[in-house]
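Along the sequence shown, residues carry numbers from 1. This structure is a prediction, so every number in the text was calculated from the model and none was measured.
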Amino acid sequence: MKIYIDGKFYTEKNAKISVFDHGLLYGDGVFEGIRAYHGSIFKLEEHISRLFDSAKAIMLSVPMSPLALMRAVSRTCWQNKVKDGYVRLVVTRGVGNLGLNPFNCRRASVIIIAGKIKLYPPALYRRGLDLITVPTTRTPSSALNPAIKSLNYLNNVLAKIEAIRAGVPEAVMLNTQGNVAECTGDNLFLVRGGQILTPPVSAGALAGITRKVVIQLAGEHLGVNVQETALTRYDLFTADECFLTGTAAEIIAAVKIDGRVVGSGRPGAITQRLIALFRELTRQEGFPIRP
Ligand code: PXG
């Protein structure tokens, strides 16, 4: 594997960053998880744009232009012969001293890893997920806005631990008001009476790129206007269908939540249509992988 760090490629063994990088010392940095399908990078511009927004929010100056970054992502895929895979793009605050002042760090570092994606097993896509709501709430936006895709993922990691220890693969996170925010690495949607609902980003969710794609596909192909509205656990329990969206998971049904069977207990019709539409779109568009 060849890993991109600040303009150069390194072998996996030699791809190293300093122990004084504030990305490590303080989780100070931002990232993106991006997918390639059939030799093209899906929604690359949107990912780069969100990365720049996250960086701006934490006053991190990305040391490359958006276009140069897009080309670097493409080159890293090419170098690794990745046609279908996963790209992790990380911008760390860079090397500083042992104090949290980010302004002592000279220059941000850009790291790009292109490899294989770990998926939920295929059987889970056919059957659907079992979810629980967890005690750890999503960080309020007044503390650390969940819209920032930062290297500070402990909030999500704690929720993931709670889910896995309870024997389910993913957690539903609530906000401090008790409304549904999102899952640890996915956005959440419900279907009820033919309507599709999802929490607004302001409830404490990342503005997911897959989420946005699903909203567009539902509008254009199913004639359904997705409603962004506050959702409670009651709404989860009484939904006809539930599904999660994310770059890693793509679209996956949830069929049980806190022990309540969702709808028929199998992936629903609207979920399945969206999965087919999403798959089709990933075949049609993307930023080409080039040397
Ligand atoms: N919420 C959170 C908290 C996320 O981290 C999503 C929603 C979905 O957003 P996108 O833009 O992907 O539709 C995410 C995305 C990983 C990994 O390696 C995590 C994400 C994406 C890809 C890989 O854990 N999180």
Side-chain angles (χ1 to χ4, degrees), residues 1-36 41 44 46-80 82 85-118 136 138-139 141 143-161 184-185 206-209 246-248:
M1 196 191 272
K2 291 179 192 161
I3 291 143
Y4 175 103
I5 307 176
D6 296 328
K8 295 201 190 100
F9 286 101
Y10 298 86
T11 61
E12 208 169 315
K13 204 165 151 262
N14 292 321
K16 291 176 180 164
I17 60 154
S18 166
V19 293
F20 292 97
D21 192 306
H22 280 208
L24 176 68
L25 291 175
Y26 299 109
D28 186 352
V30 296
F31 80 103
E32 283 294 323
I34 310 169
R35 264 212 200 232
I41 305 162
L44 180 58
E46 286 82 350
H47 282 284
I48 298 297
S49 164
R50 185 172 67 187
L51 182 85
F52 272 80
D53 286 344
S54 293
K56 186 168 189 189
I58 68 163
M59 291 194 105
L60 174 67
S61 162
V62 181
M64 295 168 75
S65 70
L67 186 60
L69 206 45
M70 286 169 64
R71 290 196 177 125
V73 168
S74 178
R75 267 173 63 210
T76 308
C77 288
W78 180 275
Q79 287 284 331
N80 289 283
V82 164
Y86 176 63
V87 179
R88 168 60 61 94
L89 168 57
V90 184
V91 184
T92 73
R93 186 73 70 176
V95 173
N97 53 29
L98 294 175
L100 63 80
N101 183 353
F103 302 115
N104 289 330
C105 302
R106 259 197 47 240
R107 190 176 192 272
S109 271
V110 177
I111 301 164
I112 309 171
I113 309 166
K116 286 271 147 245
I117 181 107
K118 38 104 200 93
T136 297
R138 198 77 180 92
T139 31
S141 36
L144 174 59
N145 198 316
I148 302 170
K149 202 164 164 62
S150 82
L151 294 182
N152 235 290
Y153 253 50
L154 260 187
N155 178 231
N156 313 53
V157 170
L158 289 174
K160 190 80 165 178
I161 286 171
T184 69
L206 183 73
I209 286 159
T247 297

So, the side chain of H22 versus the backbone of L98: is there a donor-acceptor pair under 3.5 Å, distance only? no
Would H47 and V73 count as a side-chain contact (heavy atoms from CB on, under 4.5 Å) if you check the C-alpha gap in whole Å, the side-chain angles of each, and the deciding distance to 0.1 Å? CA-CA 11 Å; H47 282 284; V73 168; over 6 Å; no
What distance separates N152 CG from D28 CG, expressed to the nearest 0.5 Å? 8.5 Å
Let me confirm one number: the OG-CG distance from S49 to L44, rounded to the nearest 0.5 Å. 10.5 Å
Calculate, to the nearest 0.5 Å, the distance between atoms CD1 and CD belonging to I113 and E12 respectively. 8.5 Å
At their closest point, which heavy atom of P146 faces which heavy atom of S141, and how far apart are they? CD-CA, 4.1 Å
Looking only at atom types and distance, does a side-chain atom of N80 sit under 3.5 Å from a main-chain N or O of V82, one as donor and one as acceptor? no
Nearest 0.5 Å, please: how far is CZ in F103 from CZ in R93? 6.5 Å
Could you go through the side-chain contact (heavy atoms from CB on, under 4.5 Å) check for F52 and V30 one step at a time? CA-CA 9 Å; F52 272 80; V30 296; over 6 Å; no
In the structure I gave you, are the side-chain heavy atoms of Y26 and L151 within less than 4.5 Å of one another anywhere? no
Smallest heavy-atom separation, K16 atom then K13 atom, equals CE-O, 3.3 Å
Mind checking the NZ-CG spacing from K8 to N14? Nearest 0.5 Å is all I need. 12.5 Å
Is there a side-chain contact between V95 and R106 (heavy atoms, below 4.5 Å)? no
Once you round to the nearest 0.5 Å, how far does CD1 of I112 lie from CG of L69? 5.5 Å
Does atom OH of Y153 have more than 12 heavy-atom neighbours from other groups under 6.0 Å away? yes
Let me check something: any side-chain donor-acceptor pairs from residues 85-92 under 3.5 Å, sequence neighbours excluded? List them with distances.
| unit_1 | atom_1 | unit_2 | atom_2 | d |
| --- | --- | --- | --- | --- |
| Y86 | OH | R88 | NE | 3.3 |
| Y86 | OH | R88 | NH2 | 3.1 |
| T92 | OG1 | D21 | OD1 | 3.0 |
| T92 | OG1 | D21 | OD2 | 2.7 |
| T92 | OG1 | G94 | N | 3.3 |

Quick one: closest heavy-atom pair of A159 and T184, and the distance? CB-CG2, 3.7 Å
Counting distance only, does the side-chain N/O of D6 pair as donor-acceptor with the main-chain N or O of V110 below 3.5 Å? yes
Report, one line per pair, each donor and acceptor closer than 3.5 Å where one atom sits in a side chain of residues 54-66; sequence neighbours left out.
| unit_1 | atom_1 | unit_2 | atom_2 | d |
| --- | --- | --- | --- | --- |
| S54 | OG | R50 | O | 3.2 |
| S54 | OG | K149 | N | 3.1 |
| S65 | OG | A68 | N | 3.0 |

